[in-house]
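Heads up, the thing below is written out as structure tokens.
Below, chains carry the letters A, B, ... as their sequence lines are ordered, and counting in each starts from 1.
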Amino acid sequence: MAYNFKEIEEKWQEKWYREGTFNAKQDFSNKKKWYGLIEFPYPSGQGLHVGHPRSYTALDIIARKKRMEGYNVLYPIGFDAFGLPAENYAIKNHVHPKITTENNINHFREQLKALGFSFDWSREVNTTDPSYYKWTQWIFIQLYKKGLAYKATMPINFCTGCKVGLANEEVVNGVCERCGSPVVQKEKSQWMLKITEYAQRLIDDLEDLDFLDKIKAQQTNWIGRSEGAEVNFKLAANGEELDSNLLIYTTRPDTIFGATYMVVAPEHEVIKKYADKITNLEEVNAYKERAALKSDFERAELNKEKTGVEIKGIKAINPLTNEEIPVWISDYVLITYGTGAIMAVPAHDDRDFEFARKFNLPVKPVIMPKADTECGQLQEELEAKFIALFNDGNNEENDPAYMKEAFTDVENGISVNSGFLNGLPSKEAIEKAIQYIEENKLGERKVNYKLRDWVFSRQRYWGEPIPMVYCEDCGWNPIPESELPLVLPDIEDYEPGENGESPLAKQTEWIKTKCPCCGKDAKRETDTMPQWAGSSWYFLRYMDAHNDEALASKEALEYWSPIDWYNGGMEHTTLHLLYSRFWHKFLYDIGVVPTKEPYQKRTSHGMILGTNGEKMSKSKGNVINPDDIVNEFGADTFRVYEMFMGPFDQTAPWSMESIRGCGKFLDRVWNMQEILVDGEEYSKEHEKMMHKAIKKVTSDIEEMKFNTSVAEFMKMTNEFYKDKVINKAEYKTFLQLLNPFAPHMTEELFSILGESKTINETPWPTYDEAKTIDDEIEIPVQLNGKVKAVVLVAKEASEEEVKAVVAANESVQKAIDGKTVVKEIYVKGRIYNIVVK
RNA sequence: GCAGAUGUGGCGGAACUGGCAGACGCACAGGACUUAAAAUCCUGCGGGACCUAAAUCCCGUGCCGGUUCGAUUCCGGCCAUCUGCACCA
């Protein structure tokens with residue numbers, strides 16, 4: 001018989017949320033605290049996605065278990081409600097984003113409650129609430145005061161049709177998603193945050209954190225530390241030295257003798273500066289314009305054919321060889337990385353090599369591979385041959401010295417044709433080259449990061465206003481903190497302003513203000529903050545959600561920091577996770593928070609795909625609505641299924657058949673009442689199974705192996721049915737273990753059993769290690785690695801005893817009959833392998 | 001392109017630290033119950049060889065090769081798929 005999930009689930013949810021059963025204790029008691037965090041949702045119009053509950057259920061299970069283990073648990077929820085979709089909806093339908101957002105949040109809240117999550121709803125936050133974003137703005141002002149927020153001219157995507165700035169997402173194949181007009185890069189003055197100042201600490205401090213290795217690796221790679229040197233190349237025109245140098249960055253200063261040309265990014269200042277010296281300025285400028293149409297992403301695509309133009313009239317001088325070499329402009333060099341200029345060493349860099357071949361530039365090898373001594377090659381011999389072959393830097397394909405590809409191996413290279421570097425292995429040559437460069441004042445050692453500063457301005461309405469004022473006399477200044485929050489004005493026209501301005505630029509009354517310094521007329525900043533802003537510190541607000549004196553009290557911050565466990569999507573690893581770590585470190589530096597890192601542990605969940613194995617999307621028509629699932633199967637089945645569907649950290653396709661199976665399992669759990677007998681202790685025949693199960697489920701939950709926990713529950717259920725009996729003690733333990741997964745039904749059954757306490761008030765079951773160990777174990781017997789028999793031995797049996805049992809085994813005797821036993825291997829308690837000939 | 005993952009039956013997946021490959025579930029097939037269906041319960045279920053059954057044997061964890069008594073697991077080289085790439089969140 002199927003149980004009435006609808007009635008039961010509503011009953012318990014009503015009780016939990018009315019009584020605040022799962023609200024964290026306020027008293028900062030001596031109880032151990034545990035703070036679990038999930039990424040708060042963006043309340044989209046489509047409602048909850050089935051992907052949300054995967055993460056929420058996982059941490060809900062852990063939170064419920066932690067409560068039973070005696071922790072004071074904080075498991076909060078809120079809404080990250082600023083963002084583009086609400087604004088686009090407003091433009092289309094003329095509904096204020098505030099209204100859409102409120103409606104969507106109400107819908108989300110109901111959906112989340114219907115799933116029975118043990119969230120502390122008393123601490124709900126909403127990033128669009130002025131009492132919340134007051135502190136987002138406050139943090140921005142502190143960043144500004146410490147010189148970490150600055151204005152810079154950065155390119156934005158600009159639609160030539162709509163005349164507005166676009167998000168990267170709104171640019172599809174180089175054209176505007178809405179009108180199809182070409183999108184170009186347009187320069188605009190924007191607020192930037194100096195995350196690069198924290199690059200090294202963001203790498204170093206990862207070490208002590210319990211993040212998944214792949215998350216650490218992704219963050220480290222994103223920050224992209226590289227060591228090398230900045231080197232000045234002198235410039236000359238018509239044989240005369242120019243007054244300024246071309247500064248380049250290289251990670252391979254040991255290859256400097258092989259630099260045969262230079263490349264500058266299209267935006268590089270040298271073009272403007274020496275425009276009068278450039279003899280093909282028109283051609284160069286035309287190239288610049290073409291490059292402006294491409295995004296960095298398109299430019300960096302290596303499979304695209306390289307393009308470029310030589311800047312004629314200007315030459316660079318290699319500081320080590322004093323040779324004059326040409327200067328090119330090409331978009332494979334990015335203005336945003338390093339110095340925006342490189343020395344090209346085609347013989348030892350794949351990109352330079354490709355470029356040199358295309359434009360027929362000389363390739364001059366200065367590194368040769370280490371001799372393969374195992375093959376008896378002599379280094380001197382190889383070197384002599386190599387120098388003879390490559391000395392001329394020849395470029396003819398029929399020349400025996402013609403290189404087919406760049407040699408880039410830094411581990412196995414030796415410098416040649418490189419003056420004082422000759423004979424040194426690459427690593428040593430790099431060091432020596434840097435030394436030489438520094439001693440001769442040609443440049444300096446330099447560490448570079450791929451990480452770029454954070455573009456913090458958005459030309460949008462639905463975001464936190466940036467609390468800055470511009471005065472003709474005093475420049476930019478923050479508004480006084482006493483005036484926070486700077487409330488986003490109510491407007492009716494959400495269309496972007498002229499030339500990609502924010503919609504706020506049209507609010508002439510709101511813009512007008514007084515300069516906080518001199519009191520003269522001044523103008524407000526009209527750009528707003530990115531959505532990342534509100535989500536960069538929300539976890540702090542949960543600790544003390546209603547404080548209007550500070551973002552949270554010192555006491556609360558001390559008690560709850562750091563977050564013990566943060567689960568979220570892999571897609572947030574490089575942006576949100578890095579941004580929030582950066583803000584947290586800043587807040588630590590100014591004494592606001594007590595820990596230098598916000599999250600002690602970070603895990604990630606896999607995505608849920610549609611039944612066809614593709615990403616769920618409206619256009620593909622494969623979206624599963626959680627409401628339908630809850631209505632048809634109930635929240636408990638939904639939760640159990642999402643935990644059972646596959647390994648938690650991997651993507652998994654949805655299956656309607658499989659969820660039915662989970663519903664069947666819960667029915668069987670419910671119907672175990674029919675085979676229930678009295679019993680204060682586990683029965684003899686089930687004792688071992690109970691202890692083993694407690695052990696397995698306890699460790700599985702900590703390791704997020706929820707799928708095998710559910711399998712364990714199913715196995716137990718099968719066992720009880722097979723024996724046609726379960727006693728009360730066994731049922732109680734079973735329900736306690738299953739409670740975090742299926743909280744409603746297990747609570748109901750617990751009360752049916754006549755328990756006065758609810759499960760969440762009972763302690764987590766414990767096990768006795770001794771009772772989990774089998775007295776007799778099965779040992780597979782292999783013949784040359786293939787199983788031929790299984791023997792049963794006592795768990796403490798010695799090798800001799802096992803050997804005797806194996807030798808006596810009929811199948812084994814048959815298998816080795818007529819063969820010679822070469823060797824016998826016994827791994828205690830695991831395997832017995834006989835090697836025969 | 002760069003970065004991070006993944007690859008095991010018809011399907012989702014399991015397998016401790018290198019030790020019985022396929023736990024658990026779904027689907028499917030057969031049976032019981034039923035006037036019937038649904039639900040429920042029981043049994044079988046990687047592929048192949050032998051007429052059938054039992055028994056036995058062979059093959060099998062993306063592909064090729066290596067280390068090992070023994071490899072889904074370790075090493076080298078490929079192939080395929082997925083995710084992110086800085087203004088989607």
Side-chain angles (χ1 to χ4, degrees), chain A residues 1-2 39 41-42 44 80 82-85 154 156-157 165-171 190 195 213-215 217-222 224 296-304 336 350-351 450-460 530-532 535 569-576 578-579 606-607 609 613-615 641 644-647 649-662 664-665 667-668 671 705 707-715 717-718 721 778-790 814 822-825 827 829-836:
Chain A
M1 201 192 74
E39 285 166 350
Y42 171 74
S44 75
D80 187 16
F82 276 127
L84 205 51
M154 290 299 291
I156 59 165
N157 297 310
L166 297 178
N168 276 352
E169 196 206 39
E170 297 170 298
V171 184
Q190 315 230 55
I195 188 171
D213 286 342
K214 60 177 176 181
I215 294 175
Q218 239 183 63
Q219 288 219 344
T220 307
N221 290 335
W222 184 260
D296 274 6
F297 173 48
E298 283 175 285
R299 288 195 204 178
E301 263 186 303
L302 284 189
N303 54 353
K304 287 249 170 82
T336 46
D350 293 325
R351 293 155 301 183
K450 283 204 192 98
L451 185 70
R452 289 180 237 159
D453 275 342
W454 177 3
V455 183
F456 201 69
S457 295
R458 299 290 183 274
Q459 294 71 47
R460 301 283 174 180
Q531 191 165 23
W532 309 106
S535 61
M570 244 354 241
E571 68 275 19
H572 293 288
T573 303
T574 48
L575 301 181
H576 161 64
L578 216 50
Y579 289 153
M607 212 186 338
L609 305 173
E614 289 176 54
K615 204 169 169 174
Y641 171 61
F644 185 60
M645 66 195 307
D649 61 345
Q650 282 169 38
T651 53
W654 186 270
S655 160
M656 275 306 180
E657 284 74 36
S658 289
I659 191 170
R660 214 158 274 136
C662 291
K664 209 161 91 179
F665 158 66
D667 282 340
R668 278 160 69 81
N671 291 333
K705 289 160 81 176
N707 52 335
T708 51
S709 280
V710 176
E712 189 70 17
F713 293 133
M714 289 172 169
K715 264 200 289 201
T717 308
N718 291 344
Y721 273 104
E778 288 183 338
I779 303 288
V781 183
Q782 296 183 331
L783 212 72
N784 290 348
K786 295 204 168 165
V787 179
K788 294 291 168 187
V790 177
K814 217 172 117 191
V822 180
K823 197 173 167 188
E824 288 179 62
I825 299 151
V827 181
R830 293 231 185 270
I831 199 104
Y832 198 96
N833 193 17
I834 304 169
V835 187
V836 295

Donor-acceptor pair, distance only, cut-off 3.5 Å: does the side chain of [X] make one with the backbone of [Y]?
X       : Y       : answer
S658(A) : S655(A) : no
R460(A) : S457(A) : no
N784(A) : V836(A) : yes
D649(A) : G606(A) : no

Using the [atom1] atom as the point on both nucleotides, what is the distance between [M] and [N], in whole Å?
N       : M       : atom1 : value
rC75(B) : rU68(B) : C1'   : 12 Å
rG9(B)  : rA5(B)  : C1'   : 24 Å
rC63(B) : rA80(B) : P     : 15 Å
rA37(B) : rG31(B) : P     : 12 Å
rG62(B) : rU43(B) : C1'   : 34 Å
rG60(B) : rC51(B) : C1'   : 26 Å
rA15(B) : rG25(B) : P     : 15 Å
rU81(B) : rG46(B) : P     : 30 Å

Need one value for [X]: base, sugar-phosphate or nothing, where a base atom within 4.0 Å counts as base even if backbone is also close, heavy atoms only.
X       : result
S535(A) : nothing
D80(A)  : sugar-phosphate
N833(A) : base
K450(A) : base
L451(A) : base
H576(A) : nothing
E824(A) : nothing
P647(A) : sugar-phosphate
Q190(A) : base

Between the CD1 atom in I195(A) and the CG atom in D453(A), the distance rounded to the nearest 0.5 Å is 8.0 Å

Residue pair Y721(A)/P41(A) against RNA chain B: nearer the 5' end by closest nucleotide is Y721(A)

Heavy-atom nearest nucleotide on RNA chain B taken for V835(A) and for T651(A); more 5' hit belongs to T651(A)

Looking at [N], I'd like to know if its phosphate oxygens (OP1 or OP2) sit under 4.0 Å from a side-chain N or O belonging to [X].
X       : N       : value
K786(A) : rG60(B) : no
K615(A) : rG84(B) : yes
R830(A) : rG18(B) : no
R458(A) : rC87(B) : yes

RNA chain B in dot-bracket form (Watson-Crick or G-U pairs under 3.5 Å, [ ] crossing, | inter-strand) is (((((((..(((......[....))).(((((.......))))).((((......))))..(((((..]....))))))))))))....

When you get a sec, tell me which of [options] is the closest nucleotide to the side chain of [X]?
X       : options                   : value
E571(A) : rG84(B), rG4(B), rC87(B)  : rG84(B)
K214(A) : rG19(B), rC58(B), rA5(B)  : rA5(B)
I825(A) : rA15(B), rC57(B), rC69(B) : rC69(B)

What is the separation between atom [atom1] on [X] and atom [atom2] on [N], rounded to the nearest whole Å?
X       : N       : atom1 : atom2 : value
R452(A) : rC85(B) : CZ    : P     : 13 Å
M570(A) : rC85(B) : CE    : P     : 13 Å
E778(A) : rC16(B) : CD    : C1'   : 17 Å
K823(A) : rU68(B) : NZ    : P     : 10 Å
L783(A) : rC57(B) : CG    : P     : 10 Å
Q650(A) : rU81(B) : CD    : C1'   : 13 Å
M607(A) : rG84(B) : CE    : P     : 6 Å
R351(A) : rC2(B)  : CZ    : P     : 10 Å

Relative to each other, are the rings of Y579(A) and W454(A) parallel, tilted or perpendicular (30° and 60° limits)?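 The rings of Y579(A) and W454(A) lie parallel, inter-plane angle below 30°.
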
Side-chain heavy-atom pair [X], [Y] within 4.5 angstrom cut-off:
X       : Y       : answer
F82(A)  : Y42(A)  : no
W654(A) : Y641(A) : yes
M570(A) : Q218(A) : yes

task: Answer syn or anti for rG48(B), where the cut-off is 90° from 0 on the glycosidic torsion.
output: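 Judged by the O4'-C1' to base torsion, rG48(B) sits in anti, the angle falling more than 90° away from 0.
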
For T651(A), the side-chain hydrogen bond (donor to acceptor under 3.5 Å, both in side chains) test, sequence neighbours excluded, returns none

Going by side-chain hydrogen bond (donor to acceptor under 3.5 Å, both in side chains), name the residues that satisfy it together with Y832(A), two or more places apart in sequence or in a different chain.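 Applying side-chain hydrogen bond (donor to acceptor under 3.5 Å, both in side chains) to Y832(A) gives E824(A).
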
By side chain to side chain contact (heavy atoms under 4.5 Å, CB included), R660(A) pairs with (sequence neighbours left out) E632(A), F633(A)

Residue set satisfying side chain to side chain contact (heavy atoms under 4.5 Å, CB included) with V787(A), at least two apart, ordered chain then number -> P780(A), Q782(A)

Per-nt protein contacts along nucleotides 21-34 of chain B (heavy atom under 4.0 Å; B base, S backbone sugar-phosphate only, - none) come out as --BBSSS-------

